[in-house]
Structures are given as structure tokens and as C-alpha cells.
Amino acid sequence: LWTWLLASSGLSALVQLVTLPFFPDSPSYLLIQKGNEEACRKAIRKLWGEGDYQAEIDDIMKEKGAMASTKTLRVLEVIKEQSLRWQLYILMTVMTTLQLCGINAVECSLIPRTRDTKFEEYLIPYVSLGVGLCECLSSILCSTLIDRFGRKVLLWGGYMLMCSVLALLTMTLSLQHRFFWMHYFSVILIFLFVVFYGIGP
């Protein structure tokens, strides 16, 4: 079963590879990068059907003008620029916490450790499958929640919930040799951690 599941991702990549050449280029790419207004109009008609799309083309032209007036900064210039200092701090904080949040430890260390517990051998593949389903679920939830609550609330909430789950997970892992049901609770916490990771960070 696992070989077929692995091959299924290759099937979707093959479908993409075959169909992508038949898709039109992005109208904004054709107008801004290539400077080809006629190809841009043709791509818009192919995407949206016949009609007058002059307003959309004017918007793309405004975007092109705004991009032309914006100076491209090098990395050292970005670091030295005072007006970008807070954005840089926020970006570095988010990226650092994302790397150190513990998702790799959960996926790479805890899931294989289920073999060392009293967990039934035949259930172990379903734990991995459950983690994958939790990732899909969290992606869907995030896309619906981000418009309602905003990124800041999701980041704060996600990190706080992940922190709480890690504390509980530490307790359940310490107690799993005393209580037979504790390893099931640990798996539920792993699933929750993955969902909160996907919704937040």
C-alpha cells in the first residue's frame, strides 16, 4: 500500500507536467516582464473569455510603474536601512521560531519511537497516515481562518497551543510506561501539534 501511496504523488506531478504547457502565461508577467500588451490581452481573453478588460490592463500598468520607481536593495542595504529595521526583526523572529518550534522533533523522533512503546505494530503506519491527514486538514483550516482572524492571531494562537501540547506530550511520554492508555493519548497530542503547527506558523 505504501508504494502505491508514494507513487500517487508522482502521478499528480506527471499530470502537471503534461498539462502546464497548455496553460496561458500570467497576464501581469506578459505585460510587466515581457512588455507585450497584445500577448497580455490574448492571455486575459483565454482566461476570462471575451470582453473589455482595459481596466485590468490599466491596473497592471500602474503596478509596472510602481515597480519601476521602487529601488531594488541588496542584502546589506536592507540590513542598514532604518525604515526596514522592524520588518527585518519580525521576519527573523518568525523564521527562527519556525525552525525551532519542534515540528521536526515530533515528525522525525516521536513517530518512529512508537515502535519502542506498547503501541500495536499494525497501527504504526496509520499514525504516519494520520499525521499526513492532519497536515492536509490544517492547510484547509488555515486558508479559511486567516481571512477571518488575520496572521498575527493565528501565529500567537498556534505557538501558544503548540507550547501547551508539547508540555502535555512531555508528561504523557514520561508516564506511558505506567499507564497502558497513555501512548494513545501521546498520538492524539502529536496529531493536535501538527494541526496547530499548520494553522499557526
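Residue indices begin at 1 and follow the sequence shown. Here the structure is a predicted model, which means the values were calculated and not measured.
- Summarising the geometry of Gly200 relative to Leu155, their closest heavy-atom pair is O-CD2, 3.9 Å, with the distance given to 0.1 Å.
- Atoms NZ and CG, on Lys80 and Leu76 in that order, are 5.5 Å from each other to the nearest 0.5 Å.
- Looking at Leu31 and Asn36, their side chains never come closer than 4.5 Å, going by heavy atoms from C-beta outward.
- Taking OG1 of Thr170 as the reference point, atom CG of Leu173 lies at 6.5 Å (rounded to 0.5 Å).
- Listed here is the closest heavy atom pair of Ser143 and Ile140: OG-O, 2.8 Å.
- When all heavy atoms of Cys101 and Phe193 are compared, the closest pair comes out as O-CZ, 3.6 Å.
- Counting heavy atoms from C-beta outward, Leu154 and Arg151 have side chains that stay 4.5 Å or more apart.
- A salt bridge links Glu37 with Arg41: the distance from a Lys NZ or Arg NE/NH1/NH2 to an Asp or Glu carboxylate oxygen falls below 4.0 Å.
- Using a distance-only test at 3.5 Å, with no hydrogens or angles considered, a donor-acceptor pair links the side chain of Glu77 to the main chain of Arg74.
- Distance CD/Gln87 to CE/Met92: 13.5 Å, rounded to 0.5 Å.
- Taking the side chain as every heavy atom from C-beta outward, Val194 and Phe191 never approach each other to under 4.5 Å.
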Under the criterion side-chain hydrogen bond (donor to acceptor under 3.5 Å, both in side chains), I'd like the reasoning laid out for Ser138 against Tyr197: C-alpha separation, chi angles, the key distance, then a yes or no. CA-CA 8 Å; Ser138 63; Tyr197 171 80; over 6 Å; no
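- By the rule that hydrophobic residues join a cluster once side-chain heavy atoms approach within less than 4.5 Å of another member, Leu141 and Ile146 end up as members of one cluster.
- Met95 contributes atom CE, which lies 11.5 Å from atom OG1 of Thr93 (distance to the nearest 0.5 angstrom).
- Note that the CD atom of Gln54 and the CD1 atom of Ile44 stand 9.0 Å from one another [nearest 0.5 Å].
- Listed here is the closest heavy atom pair of Leu189 and Val165: O-CG1, 3.3 Å.
- In the displayed structure, Arg85 atom CZ is contacted under 6.0 Å by more than 12 heavy atoms of other residues, nucleotides or ligands.
- Leu175 and Leu169 fall within a single hydrophobic cluster, where Ile, Leu, Val, Met, Phe, Trp and Tyr are joined by side-chain heavy atoms under 4.5 Å apart, directly or via other members.
- Residues Leu84 and Ile79 fail the side-chain proximity criterion, which asks for heavy atoms closer than 4.5 Å.
- The two residues Ser26 and Ser28 come nearest to each other via the heavy atoms OG-OG, 3.0 Å.
- Cluster membership check: Trp48 does not share its hydrophobic cluster with Tyr29, using side-chain heavy-atom separations under 4.5 Å among Ile, Leu, Val, Met, Phe, Trp and Tyr.
- Criterion: ILVMFWY side-chain heavy atoms under 4.5 Å apart, direct or through other members. Under it, Ile90 and Leu98 are part of a common hydrophobic cluster.
- One hydrophobic cluster, built from ILVMFWY side chains closer than 4.5 Å, cannot hold both Met160 and Leu145; they sit in different ones.
- Closest non-hydrogen pair, Cys142 versus Gly198, comes out as CB-O, 3.8 Å.
- Contact check for Leu168 versus Ser164: no side-chain heavy atoms found under the 4.5 Å cut-off.
- For the atom pair Thr97 OG1 and Met162 CE, the distance stands at 8.5 Å (nearest 0.5 Å).
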